[in-house]
Amino acid sequence: MQATEQAIRQVVQEVLAQLNKGGAEKSAAQRDGDWGVFKDVDQAVAAANEAFEKLSDAGMDARRKAIECVRQICDSQAEELGTLEFNETKIGRLDHKIEKLKIIKLVPGTEFMRTDAFSGDNGLTIVEYAPFGVIGAITPVTHSLPTLAGNVINMVAGGNTLIVNPHPSGARIACEGVRRFNKAIHKATGLENLITIIEQPTLETAAAIFAHRGVKLLCVTGGPAVARAALESRKKAVVAGPGNPPVVVDETACLENAAKSIVKGAAYDNNLLCIGEKEVFAVESIFDTLMVRMGQQGGYQLSAREVDALTKLAFTPPTKPGDHWHLNRDLVGSDATKLAELIGVKVPAGTQLLFGETDVNNPFVPEEQMMPFVPFIRAKNVNQAIELALEYEHGFRHTSLIHSRNVQTMTKMGKAVDTTLFIKNGPSMAGLGLGGEGYLSFSIATPTGEGVTNPLTFTRSRRCVLVDSLRVI
Ligand code: NAD
């Protein structure tokens, strides 16, 4: 009897020891959040805050390693992840979904971090760029994983961690990306949950993140509704809002380059980019030649009747005074060939973009269509073209473009439109360092003014002052 009791006690102790050992070995990431993917906002914020403390202790080298994991995964797994994103969202172009992940390596990381100094008779002052803590990020369906990955690189470089509320239609790929990033980061640094994400995002989970005391800063990338919600929130918000980029083409422009650039920019991912060319105001004297050049660069010109048919499919008219046209979201990000087919037009293989002449009353001009049809409007002269560009950019101050060789005209338009990106003689992506100088980000903060976001966007400036000493010269 005695022996049996002892044996039982020993067995129980061994079992308990095993259970405890298992519990300790199972990391917080695996226990609560499936490598950063959470059901619950509170749990995700708590995990991201814990991760923030650990990241703060781990130093710059850990940030550098974590960022390298994200860059490396986006590059080496671009085909697989791009295909998953394309299959889930069903918008845009597969080749460009893959490319948008390949170029994530161009998003700046810790190399952008710096310390400023003032040195003088009164001693030495340094200004350092400190993290906020946990950042609440809202991402769009148009580039779900690329926006998330770019945000991670910028934000972690600044020493922050994230809770992400992805667009519901791109949530699966966003969660898959987060799992892969976190696993690789854990392996490289031992850190967990630098990125947390809500598995089934809703407007309620977004609102919970906006209001959460554990979230110190918001970064919202999306259309008018979410931009408004973030601007109304009580937290500081970096808002990358909607655009409707106009293009002006004047009589001095290289029309071949203008046409090539417009096709390249507007056809990219079937015109899903917020910076993509959305309407063209070309001066009368070169208008017809520009249309011919468009046809030679991969565009297909629709007749007035065909434009009309496409317009009826793409938009529903306003129903009450003060309302605007409503976009048919089923056509967003469709291929040019599919749009043409829907109106009974067969276009040559390789057609990337549809275009046609309209007046300003056509809804393709004021609305952000996000599909590969671009309206061309005749302007009497470049002054009128600039005025129209200003009007139809709607004061978003997002992106505008001009094709011109006249420096005065460029300057005049630049001053008038006052946009965050102003691109001359190239496609829109040149504004993000892709064929133009500068660096890449998928979040361009427009109403809040931070511009093309970078690691310093997500930091607090802290001044450290030593009086009368340490100036050693
Ligand atoms: P969207 O506005 O429909 O959704 C964006 C995100 O906001 C999603 O995660 C969505 O779930 C969320 N959301 C929407 N309404 C909300 C609300 N009231 N409260 C909280 N969250 C809300 O936009 P989309 O179709 O995914 O993306 C396209 C839009 O985003 C376009 O307008 C485009 O110009 C803009 N965009 C801007 C940038 C930029 O850098 N400025 C970059 C990409 C896209």
Side-chain angles (χ1 to χ4, degrees), residues 41 85 88-92 100 107 136-151 154 163-175 197-212 215 218-233 235 237-245 266 268-278 324 326-333 366-371 393-394 396-400 419-421 428-429 431-432 439-454 457:
V41 170
E85 173 143 358
E88 181 183 2
T89 62
K90 300 185 177 57
I91 55 174
K100 286 195 287 185
V107 173
I138 309 275
T139 52
V141 68
T142 45
H143 350 275
S144 183
L145 189 54
T147 308
L148 188 152
N151 282 172
N154 276 183
I163 173 163
V164 183
N165 205 61
H167 192 291
S169 306
R172 273 205 315 276
I173 178 60
C175 291
I197 187 166
I198 300 303
E199 189 174 25
Q200 288 177 347
T202 60
L203 289 182
E204 287 69 36
T205 56
I209 292 170
F210 279 17
H212 207 292
V215 175
L218 301 173
C219 175
V220 163
T221 308
V226 71
R228 244 189 329 272
L231 290 169
E232 283 164 9
S233 134
K235 279 194 194 2
V238 173
V239 179
N244 190 38
Y268 196 82
D269 212 13
N270 287 337
N271 213 350
L272 290 181
L273 293 185
C274 58
I275 58 168
E277 290 81 346
K278 297 291 189 294
H324 61 92
H326 293 272
L327 182 62
N328 175 1
R329 303 229 28 134
D330 291 345
L331 299 193
V332 165
E367 301 299 328
E368 189 189 19
Q369 68 268 38
M370 293 186 282
M371 67 183 81
E393 209 274 327
H394 301 305
F396 289 143
R397 301 205 284 187
H398 194 297
T399 297
S400 62
T419 45
T420 305
L421 298 180
S428 49
M429 54 279 264
L432 294 184
Y439 59 87
L440 174 67
S441 170
F442 283 98
S443 296
I444 301 141
T446 39
T448 48
E450 293 82 358
V452 183
T453 55
N454 66 59
T457 308

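Whatever order the structure lists ligands and atoms in, that order sets their numbers, starting from 1. Hydrogens, waters and symmetry mates are skipped; everything else that's a heavy atom, side chains included, is used. As the structure is a prediction and not an experimental result, all values here were calculated from the model.
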Query raised in the report: Between Leu327 and Glu368, is a side chain to side chain contact (heavy atoms under 4.5 Å, CB included) present by the stated rule, with each step listed?
Result: CA-CA 8 Å; Leu327 182 62; Glu368 189 189 19; over 6 Å; no
Atom 29 (C) of ligand 1: closest protein heavy atom, distance to 0.1 Å, is Gly223 N, 3.5 Å
closest protein heavy atom to atom 4 (O) of ligand 1 is His167 CD2, 3.5 Å
Review point. Any side-chain heavy atom of Pro245 sitting closer than 4.5 Å to one from Lys278?
Key: yes
Atoms of ligand 1 under 4.0 Å from any heavy atom of His143, numbered from 1 in the order shown, are 43 (C)
Contact check, Arg228 vs ligand 1, heavy-atom distance below 4.0 Å | no
Checking heavy atoms under 4.0 Å, the part of Ala240 that sits near ligand 1 is both
Rounded to the nearest 0.5 angstrom, the CZ-OG1 distance for Phe396 and Thr419 is 13.0 Å
I want to check something: taking the side chain as every heavy atom from C-beta on, are Val332 and Leu272 in contact at a cut-off of under 4.5 Å? yes
Ligand 1 atoms nearer than 4.0 angstrom to some heavy atom of Gly241 are 37 (C), 38 (C), 39 (C), 41 (N)
Ile138 versus Asn165: any side-chain heavy-atom pair under 4.5 Å? yes
Q. Quick check: does Pro224 get an N/O under 3.5 Å from an N/O on ligand 1?
A. no
Near Pro168 (heavy-atom distance under 4.0 Å), the atoms of ligand 1 are 11 (O)
- prompt: Can you tell if the side chain of His324 reaches within under 4.5 Å of the side chain of Pro366, non-hydrogen atoms only?
  reply: no
Quick note on ligand 1: atoms under 4.0 Å from a heavy atom of Phe442 include exactly 40 (O), 42 (C)
| message | Counting C-beta onward and ignoring hydrogens, is there a side-chain heavy-atom pair between Pro146 and Glu85 closer than 4.5 Å? | response | yes
A student checking ligand 1 against Ser443 at a 4.0 Å heavy-atom cut-off should list atoms 40 (O)
Near Gly243 (heavy-atom distance under 4.0 Å), the atoms of ligand 1 are 34 (O)
Numbered in order shown, the ligand 1 atoms found under 4.0 Å of a heavy atom of His398 are 39 (C), 41 (N)
Q) Just distances here: any N/O of Pro140 and N/O of ligand 1 closer than 3.5 Å? A) no
At under 4.0 Å between heavy atoms, what of Ile138 touches ligand 1? The answer is side chain
Within the 4.0 Å heavy-atom cut-off, what Ala207 brings close to ligand 1 is neither
for atom 36 (N) of ligand 1, nearest protein heavy atom and its distance come out as Cys274 CB, 3.7 Å
Pair Asn271, Met371 - check side chain to side chain contact (heavy atoms under 4.5 Å, CB included), show working. CA-CA 5 Å; Asn271 213 350; Met371 67 183 81; 5.7 Å; no
Min over Val226, Val164, Thr202 of heavy-atom distance to atom 15 (N) of ligand 1 lands on Val226
of all protein heavy atoms, closest to atom 26 (O) of ligand 1 is Val141 N, 2.8 Å
Q) Can you tell me if Glu204 uses its side chain to pair, donor with acceptor, with the backbone of Ala207 under 3.5 Å? A) no
Atom 40 (O) of ligand 1: closest protein heavy atom, distance to 0.1 Å, is Ile444 N, 2.6 Å
In terms of its nearest heavy atom to atom 25 (O) of ligand 1, the top option of Met370, Glu368, Arg329 is Arg329
d(His143 NE2, Ile91 CD1) to nearest 0.5 Å is 8.5 Å
Are side-chain heavy atoms of Glu232 and Phe210 found at a separation under 4.5 Å? no
Quick check against the 3.5 Å criterion: does Thr205 have a side-chain atom that pairs as donor or acceptor with the backbone of Pro201?
no
(request) For residues Leu148 and Ile197, determine if any side-chain heavy atom of one lies less than 4.5 Å from a side-chain heavy atom of the other. (result) yes
Of all protein heavy atoms, the one nearest atom 35 (C) of ligand 1 is Gly222 O, 3.3 Å
Quick look: Thr139 vs ligand 1, heavy-atom contacts under 4.0 Å, and the answer is backbone
Scan side-chain atoms only and decide if Thr420 and Thr446 contain a donor-acceptor pair under the 3.5 Å cut-off. no
for atom 20 (C) of ligand 1, nearest protein heavy atom and its distance come out as Ala206 CB, 3.6 Å
Pro166 heavy atoms within 4.0 Å reach ligand 1 at atoms 9 (O)
Using a distance-only test with no angle check, is there a side-chain donor-acceptor pair under 3.5 angstrom linking Ser443 and Thr221? yes
Ranked by distance from atom 19 (N) of ligand 1, the top protein heavy atom is Leu203 CD2, 3.7 Å
